[in-house]
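Heads up, the thing below is written out as C-alpha cells.
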Amino acid sequence: MHEPRYAEPVLTWYAEHARDLPWRRPDASPWAVLVSEIMLQQTPVVRVLPVYEAWLTRWPTPADLAKEPPGEAVRAWGRLGYPRRALNLHASARAITERHDGVVPADYDELRALPGVGAYTAAAVASFAYRRRHAVLDTNVRRVLARVVTGVEYPSKTQTAAEIRIAESLLPEDPPVAARWSVAIMELGALVCTARTPRCADCPLVTECTWRLAGKPPYDGPPRKGQTYAGTDRQCRGSLLAVLRHAEGPVEKALLDDVWADALQRERSLAALIEDGLVDPLDDGRYALPS
DNA sequence: AACGCGTGGTC
DNA sequence: TGACCAAGCGT
C-alpha cells in the first residue's frame with residue numbers, strides 16, 4: 001500500500017516530538033477527548049490544562065456532569081473564555097446521557113448534532129477518541145496545508161471546499177493511521193509551522209514545502225481584521241459573569257452595576273447574557289448562574 | 001458570509 | 001504597546 005505524500009515524514013516526526021498531553025494518553029476516555037476539544041476551541045493548551053484536570057476529576061463521565069445544574073459548569077469553566085462552551089458541554093453531557101446511553105457517540109453525524117460540536121470538533125473526536133478516518137481541519141492544519149501544498153503563508157479567512165479536498169486527499173487509507181496522521185499534522189502546525197515565526201529548520205517537510213521553495217512570499221491578501229476587546233460588549237459580559245462566578249449564590253443588581261460604568265452597555269450585555277442562558281434573573285430582582 | 005462571542009500571552 | 005493570535009461555533 002502506498003500512503004499519500006507527506007505521511008511518512010510527518011508520522012516519524014510526531015513519534016519523536018509529540019507533546020505528552022493528558023487527553024492523548026491511552027487512558028483518556030472519549031468523554032475526556034470531547035471535553036478537551038471543546039475547551040481548546042480558541043483557547044491555548046496551557047490555559048486549558050488545569051481546568052481540564054479539575055473538570056474530569058469532578059465529572060469523570062457525561063452522566064456526572066448531566067446531574068449538575070448548568071451554572072456549575074459555567075462556574076467551573078473559570079476564565080477559559082467563551083463561557084457558552086460550558087453551557088454547550090453541559091447540554092452535550094445531558095444529550096449523551098439521555099440519547100446515547102451515556103456513551104460519547106463515535107459517529108460523525110451524531111457528534112455533529114451535539115451542541116457546540118461543529119465540523120472540526122466532530123472530526124477530532126471521531127478521529128482521536130475512536131480512531132476513525134476523517135479530515136481534521138483546524139487552524140493549524142489549514143496553515144500547514146496553505147504553506148506546504150498551496151504555497152501561501154496563510155489560509156483564507158473562511159474554509160473552502162478546495163481545502164477540504166486537499167485534506168481528504170492526504171489522509172492515509174487505514175483509519176488508525178489516518179487518525180494518527182491527523183493529530184500529527186495538527187501538532188506540526190502547533191509546534192513548528194506556527195503563524196508568526198515558523199521553525200522551518202525543524203520541519204520534516206522543509207524540502208518539499210511549496211511556500212518555502214518559493215522563497216516564503218509574505219501574505220498579500222486582504223488585511224485580517226484584529227479582534228478589538230477593550231470596551232466591547234464582550235469585555236462587559238465577561239466582567240458581569242465574573243461577579244456571578246465568584247459569588248456563592250445569587251447577587252444583588254448593585255454588585256453587577258459596580259463592575260461596569262456605562263449603564264446602557266451594561267444593561268444590554270446583561271440582557272444578552274440572560275438571553276444566552278448564562279445568567280438567570282430571579283423573581284426577587286437578584287441574579288444567579290443558571291440552575 | 002461576515003460577525004459576535006472571552007481571555008491572556010507574545011513580540 | 002497594541003495588534004495579533006490561540007485545537008471554532010452558531011447565526
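In what follows, chains are A, B, ... by sequence order, proteins preceding strands, each numbered from 1. Predicted model only: the values in this text are computed from it and were never measured.
Residue contacts shown for A:Leu21 include a base, since a base heavy atom lies under 4.0 Å away. As judged by a 4.0 angstrom heavy-atom cut-off over every strand, A:Leu241 is placed among residues making no nucleic acid contact. Across all strands shown, A:Trp77 has no heavy atoms under 4.0 Å from either base or sugar-phosphate atoms. Nucleic acid contact for A:Thr139: sugar-phosphate only, since backbone atoms but no base atoms lie under 4.0 Å from a heavy atom of the residue. At a threshold of 4.0 angstrom between heavy atoms, the contacts of A:Ala272 with the nucleic acid are absent.
Evaluation of atom-type donor-acceptor distances gives no pair under 3.5 Å for the side chain of A:Arg196 against the base of C:dC5. No hydrogens or angles were tested; on distance alone, a donor-acceptor pair under 3.5 Å links the side chain of A:Thr43 to the base of B:dG6.
Using modelled atom types, one side-chain atom of A:Ser36 and one backbone atom of A:Val33 make a donor-acceptor pair closer than 3.5 Å. Using a distance-only test at 3.5 Å, with no hydrogens or angles considered, no donor-acceptor pair links the side chain of A:Thr210 to the main chain of A:Thr150. No donor-acceptor pair closer than 3.5 Å links the side chain of A:Arg199 to the backbone N or O of A:Thr194.
Atom CZ in A:Arg237 sits roughly 6 Å away from atom P in B:dC5 (whole-Å rounding). A:Leu34 has its CG atom 13 Å from the C1' atom of C:dA7, to the nearest Å. Distance A:Glu153 CD to C:dC4 P: 13 Å, rounded to the nearest Å. Per the geometry, CZ belonging to A:Arg143 stands 5 Å off P belonging to C:dA6, to the nearest Å. Going from atom CD of A:Gln41 over to atom P of C:dC5 covers 20 Å, rounded to whole Å. A straight line from CD of A:Gln235 to C1' of B:dG4 spans 15 Å, rounded to a whole angstrom. Across the protein-nucleic acid pair, A:Leu111 atom CG and C:dC9 atom C1' stand 15 Å apart, rounded to whole Å. For A:Tyr82 and B:dC3, the OH to P distance is 14 Å, given to the nearest whole Å.
Electrostatic pairing of A:Arg24 and A:Glu187 counts as a salt bridge here, judged by a charged N lying under 4.0 Å from a carboxylate O. Salt-bridge formation is detected for the pair A:Lys253/A:Glu267: a Lys NZ or Arg NE/NH1/NH2 atom is positioned less than 4.0 Å from an Asp or Glu carboxylate oxygen.
For the pair A:Phe128 and A:Val117, both in contact range of DNA chain C, the more 5′-proximal nearest nucleotide belongs to A:Phe128. If you find the closest nucleotide of DNA chain B to A:Thr197 and to A:Tyr229, the one lying nearer the 5' end belongs to A:Tyr229. The residue among A:Ala195 and A:Arg112 whose nearest nucleotide of DNA chain C is located toward the 5' end is A:Ala195.
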* To do: Just do the salt bridge (charged side-chain N to carboxylate O under 4.0 Å, His left out) check on A:Asp20 and A:Arg25 with the steps written out, would you?
  => CA-CA 7 Å; A:Asp20 176 28; A:Arg25 290 173 193 156; 3.2 Å; yes
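Comparing the C1' positions of B:dA2 and C:dA7 gives an interatomic distance of 22 Å, to the nearest angstrom. To the nearest whole angstrom, the two P atoms, one in C:dC9 and one in B:dG8, are 23 Å apart. Here the separation of C:dT1 from C:dC5, taken at their C1' atoms, is 16 Å to the nearest Å. Rounded to whole Å, the separation between the P atoms of C:dA6 and B:dA1 comes to 23 Å.
When the nucleotides B:dA2, C:dC4, B:dG8 are ranked by their closest atom to the side chain of A:Thr158, B:dA2 comes out on top. In the set B:dA2, B:dG8, C:dG8, the nucleotide with an atom closest to the side chain of A:Arg79 is B:dG8. The side chain of A:Arg234 sits closest to B:dG4 out of C:dA7, B:dG4, B:dG8.
Side chain to side chain, A:Asn88 and A:Arg85 fail the donor-acceptor criterion of an N or O pair below 3.5 Å. A donor and an acceptor atom, one from each side chain of A:Glu8 and A:Thr12, are located under 3.5 Å apart.
Ring geometry, A:Trp13 versus A:His17: the interplanar angle falls under 30°, so the pair is classed parallel (tilted spans 30 to 60°).
Within residues 84-93 of chain A, no residue has any heavy atom under 4.0 Å from DNA chain C.
At the phosphate of C:dC9, neither OP1 nor OP2 sits under 4.0 Å from any side-chain N or O atom of A:Tyr120.
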